[in-house]
There are 2 protein chains.
Amino acid sequence: MTPALAPALLPTPALGQRLRPHAAATPLTGCDGCPARALAVCQALADGELDAFGDIGDQQRFAPKETLFRQGDDADAVYTITSGMVRLYRLLSDGRRQILGFLLPGDFIGLAPDARYASTAEAVTPVGVCRFDAHAYAALAERKPHLLASLRRAAADELAAAQDHIVLLGRRSAEERVAAFLIALRGRLARRGGGAVTIALPMSRQDLADHLGLTIETVSRVISRLARERTLLVVPDGVRVLDAPRLQALAAA
Amino acid sequence: MTPALAPALLPTPALGQRLRPHAAATPLTGCDGCPARALAVCQALADGELDAFGDIGDQQRFAPKETLFRQGDDADAVYTITSGMVRLYRLLSDGRRQILGFLLPGDFIGLAPDARYASTAEAVTPVGVCRFDAHAYAALAERKPHLLASLRRAAADELAAAQDHIVLLGRRSAEERVAAFLIALRGRLARRGGGAVTIALPMSRQDLADHLGLTIETVSRVISRLARERTLLVVPDGVRVLDAPRLQALAAA
DNA sequence: CGGGATTTTGAGGATACTCAAGGTAAGTGG
DNA sequence: CCACTTACCTTGAGTATCCTCAAAATCCCG
């Protein structure tokens, strides 16, 4: 593992200090050194096959707030996140924003390729991605059944996650939303090698609000309350879980 | 077309009168007479290939309130809806319910096959389905690239619909939710041959509430208000759109 | 026609929102 | 290095939307 790649997402003891805004550049080799290697859709390919894969993949980096693509753009590429965090959102005509999700290393964009992107993707932290031309990728997928199967599994996961979020937004209170979100994010970070007690939150409170269907004030109040009652400890760019069972209980399965 | 198959969903002039709860039984032939033929994932297969398809498909009917499968059951089958309406929902431990969606003829369940069903499927109206053994279906899909491609398209559509619903639940008011839902349902019904002015609503107000993240009283009040101001006309088991532009405006793109 | 279920309507209340001010932290320029 | 700016977060007070509780109305089926 290369800790320099995703400082905000692998909150080792380093989380106590401020995060450096820009991580050191990665040597843009092939998939070999890719930190998302074990997580990504790419894992479906045997090592030998990765060459063809690396050939059509184009590694790119984005600084915070840079956009990967915009809602309405021609969907000419698909992406695998290799480091950092990306927010995916839709805007309503009057400016209201709904963040559909936060993407982590190994997450894939373009499972449901339409002619145009239905949402905007923006870097939250410094982000590394593997960008694939949509057509080349589709062609490759056609020739590699493993990859296709992997894509289906990823699509299944994504659909399940979307449904979880529908339940969260439709039927949970503000406190339950925050608790459930934190637990889910903790799980995703843990699966990527992060600890299970400190949860990195590189996104703003406004981002959280726009993801959870709340206002920034409500998010802030809920987190303050959880901190006051010693369920959480607020740390820079994250929270530390002090009382996991209680947080779990608040999430309301 | 066989109007007897889905009276609640193809609201021809018949919508003015009460709907008969049970439609006449269909002759269970193969895919030839299937009312969902042109809509379903099955359309991917050339007519010649349908034999193999029909062979592993098992046509079934469900009366209102019967369940196709339950959240937590082994996911041993996938389904194509051929007639009627199905509600897909999840329950929280304390009884709160979130309806993820209402399925119409041509809709497919099992795009994201996990080991267990993540939600419960229940007939709203009398329902006809084509039931496929999950393994046989997967095996068939493997041999028919057209089918696989069709499944991907369907998965893309479903994911997009889930994201639309996330936006609806996260960032829209009660009135906007009802308006947006009606417009979306109208579109889906229209694509299936229904008219564009009368929208069939065979589900209960409680179902609508549990889909839109509201209470039954709020749904009732919003619909009453829209009727009072002549945007809608409430008819048995549905609504008629009197002022489509206004409804569109209320939905808030 | 009668009785149970569903829907509608009303009154009151709670959760989350709006508006506003103050605090904290990081970045900027003298 | 420190004052100043700016962005973000927190906290408070008041309010609105939607929820809860309750009752009346309507529908549906036997």
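In the text below, chain A, chain B and the rest are named by the order of the sequence lines, each starting its count at 1.
Distance, B:Asp237 CG to C:dA5 P: 18 Å, rounded to whole Å. D:dC19 atom C1' lies 15 Å from atom CG of B:Leu212, rounded to whole Å. In this structure, CZ of B:Arg96 is placed 16 Å from C1' of D:dC18, rounded to the nearest angstrom. At whole-Å resolution of the value, CZ in A:Arg177 and C1' in C:dC17 are 13 Å apart. Rounded to whole Å, the distance from CZ on A:Arg171 to C1' on D:dC19 is 11 Å. Taking atom CG of residue B:Leu214 and atom C1' of nucleotide D:dT20, one finds them 14 Å apart after rounding to whole Å.
A cation-pi arrangement, defined by a distance under 6.0 Å to the six-membered ring centre and an angle within 45 degrees of its axis, is present between A:Arg97 and A:Tyr89.
Just one residue in the list B:Arg87, B:Lys65, B:Arg70 forms a salt bridge (Lys or Arg N to Asp or Glu O under 4.0 Å) with B:Glu122, and that residue is B:Arg87.
Take B:Asp58 and apply the salt bridge (charged side-chain N to carboxylate O under 4.0 Å, His left out) test, not counting sequence neighbours, and it matches no residue.
Classification of B:Arg221 and B:Glu175 as a salt-bridged pair fails, no side-chain N sitting under 4.0 Å from a carboxylate O. Ion pair B:Asp243/B:Arg230 not flagged as a salt bridge, since none of the NZ, NE, NH1 or NH2 atoms sits closer than 4.0 Å to an Asp/Glu carboxylate oxygen.
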#### Entry: Nucleotide-resolved protein contact map, nucleotides 7-17 of chain D, B/S/- at heavy-atom distance under 4.0 Å
-SSBBBB----

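Closest approach of A:Leu168 and A:Phe181 over heavy atoms only: CD1-N, 4.4 Å.
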